[in-house]
2 protein chains.
Amino acid sequence: MSQTRRRRGDGEFTFTEAARREQIIGLTIDLIAEHGLARTTLARIAEAVGVSNAAVLYFFGSKNAVIQEAVQRVLTGVVDAIAAAIAEASTAREGIDAYVRALVGHMAAHPTHVRVVIEMLTSDIPVASEALTEAGSRQPPRWRPLADLIERAQLDGDLRALDARTTAIALSGAIDAVFAESLTDPDYDLTAAVDTLLDLFDRATSRDPCRQDDRARE
Amino acid sequence: MSQTRRRRGDGEFTFTEAARREQIIGLTIDLIAEHGLARTTLARIAEAVGVSNAAVLYFFGSKNAVIQEAVQRVLTGVVDAIAAAIAEASTAREGIDAYVRALVGHMAAHPTHVRVVIEMLTSDIPVASEALTEAGSRQPPRWRPLADLIERAQLDGDLRALDARTTAIALSGAIDAVFAESLTDPDYDLTAAVDTLLDLFDRATSRDPCRQDDRARE
DNA sequence: GTCTATATGACGATAGAC
DNA sequence: GTCTATCGTCATATAGAC
């Protein structure tokens, strides 16, 4: 909160400081993923780095700040992966599919990062909510990119008229729930579930209720 | 975990003990709803009850146990409300609508209880995950009742063939996300959102893709 | 500029007096 | 049954060594 720390120009770091920060948040992500947020104390982070308790607080103002940085790092990775996937899609309608598959694919490919997010949402320590809230409040709402894609697809005539915000929120929630289930039950077929999800979404939002496959028409 | 506490027959309580327990979990729910889980310390619960720190721990083995009881109480209320709503529906297909509306309606009608659940999911203390997990692990998965309704509706011929589990999980996740949004943004129209959600679900799962209203046919 | 040592205070929990 | 210590662990604050 207070951050009474020294700054050079504005947000610049020493070489050693940048390296230390990297090391600290990297190890913090590992610790959270491996032992959960509850057991990831400041002392344990410091021990993993090999410095004293206070040394960590020297670089980050608080333990909260460390966790927030770690979460921020993870979220940025997801956002970048999705942005790249959307950029490759030729239409907004295809972008929606790309969005969903990129999100699930990235989460499946980076279980460590997923574990961090899950820990933030479901687990313990009095820092989780703040970390997620503060990390999120600096950015537009999570459903914004999806809602934009949906609105563009509607303008293209590929999707029927529907509240884009609610549709985006519902799809996001459905994705999260399906993915969470795949973590709870290893036997749950995530790939098949995502296909089912996209099938549901396709039917729910398609403009023409009487067709089997939109793309086969043109 | 350990629960090294005295038990009479098996899970029976004295009159005064039962009263104290009631008092404690009632005040705990209020405290969580009002100040959040992070600020609901053992000391504050004891203060609200008017006894010492350790007296609370005498009745419940740990602070965790208190929170778990409070959560259990809240969850039971939701489950009962939904069960009652489903029982009134004449078909499984209508039961699904009733399920969704009962869930959202109950949450909207009991903001205090909702706040407790939200606190468990998004907020702080190292007890939240355990409380939810343990409260949940004693019961079938959350999507089970919905999946049963979906399967029955499929047998009735009202829903197309789809993985009932994934469909139920997706719908549950969508409901949660929409409701969470309504808490974040008071201007968000929850009623309209639920209608949109049910419309999406109806289109996504209806057996005949070329009809406007299933019930008008027969 | 980087870090250690040490202190403080809040918390959950336990033991034992009454 | 309830309270009064008391303990261990946590995040954090301060002073100052190098």
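Letters A, B, ... are given to chains in the order of the sequence lines, protein chains preceding strands, and every chain is numbered from 1.
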Exercise. Hey, does the side chain of A/R20 come within less than 4.0 Å of C/dG1's phosphate (OP1/OP2), counting only N and O?
Worked result: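 No, no such contact exists.
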Measuring from the side chain of [X] (C-beta onward, heavy atoms only), which nucleotide among [options] has the closest atom?
| X | options | value |
| --- | --- | --- |
| A/T14 | D/dT12, C/dT2, C/dG12 | C/dT2 |
| B/T41 | C/dG12, D/dT4, D/dT12 | C/dG12 |
| A/Y58 | C/dC3, D/dT2, D/dA11 | C/dC3 |
| A/R44 | C/dA13, D/dT2, D/dC10 | D/dC10 |
| A/F59 | D/dT2, C/dT2, C/dG12 | C/dT2 |

For this session: Give the C-alpha distance, both sets of side-chain angles, the deciding distance and a yes or no for side chain to side chain contact (heavy atoms under 4.5 Å, CB included) between B/E69 and B/E22.
Result: CA-CA 10 Å; B/E69 270 283 332; B/E22 277 309 304; over 6 Å; no
Starting at atom [atom1] of [X], determine the distance to atom [atom2] of [N], rounded to an integer number of angstrom.
| X | N | atom1 | atom2 | answer |
| --- | --- | --- | --- | --- |
| A/R21 | C/dG1 | CZ | P | 15 Å |
| B/Q23 | D/dG1 | CD | P | 15 Å |
| B/K63 | C/dA10 | NZ | P | 16 Å |
| B/R39 | C/dC11 | CZ | P | 11 Å |
| B/L31 | C/dC11 | CG | C1' | 16 Å |
| A/E47 | D/dC10 | CD | C1' | 15 Å |
| A/L57 | C/dT2 | CG | P | 15 Å |
| B/F60 | D/dG1 | CZ | P | 15 Å |

Exercise. Taking the nucleotide of DNA chain D with the closest heavy atom to each, which residue, B/N53 or B/T16, is nearer the 5' end?
Worked result: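 It is B/T16 whose nearest nucleotide is closer to the 5' end.
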Exercise. Which comes earlier along DNA chain D counting from the 5' end, the contact point of A/A43 or that of A/A54, where each point is its nearest nucleotide?
Worked result: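 Closer to the 5' end of DNA chain D: A/A43.
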Exercise. Do the charged groups of A/R39 and A/E34 touch, with an N to O distance under 4.0 Å?
Worked result: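 The answer is no: the pair does not qualify as a salt bridge.
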For this session: For A/L42, answer base if it contacts any base atom (sugar-phosphate contacts may also be present), sugar-phosphate if it contacts only those atoms, and nothing otherwise; contact means non-hydrogen atoms under 4.0 Å.
Result: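 Since a base atom lies under 4.0 Å of A/L42, the category is base.
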Exercise. Given the rule in the side chain to side chain contact (heavy atoms under 4.5 Å, CB included) test, do A/V194 and A/L198 qualify, once you have shown the distances and angles that lead to the verdict?
Worked result: CA-CA 6 Å; A/V194 170; A/L198 287 175; 4.2 Å; yes
For this session: Quick one: list whatever passes side-chain contact (heavy atoms from CB on, under 4.5 Å) with B/A18, sequence neighbours left out.
Result: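 B/F13.
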For this session: Quick one: list whatever passes side-chain contact (heavy atoms from CB on, under 4.5 Å) with B/A48, sequence neighbours left out.
Result: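 Residues passing side-chain contact (heavy atoms from CB on, under 4.5 Å) with B/A48: B/L27, B/L31.
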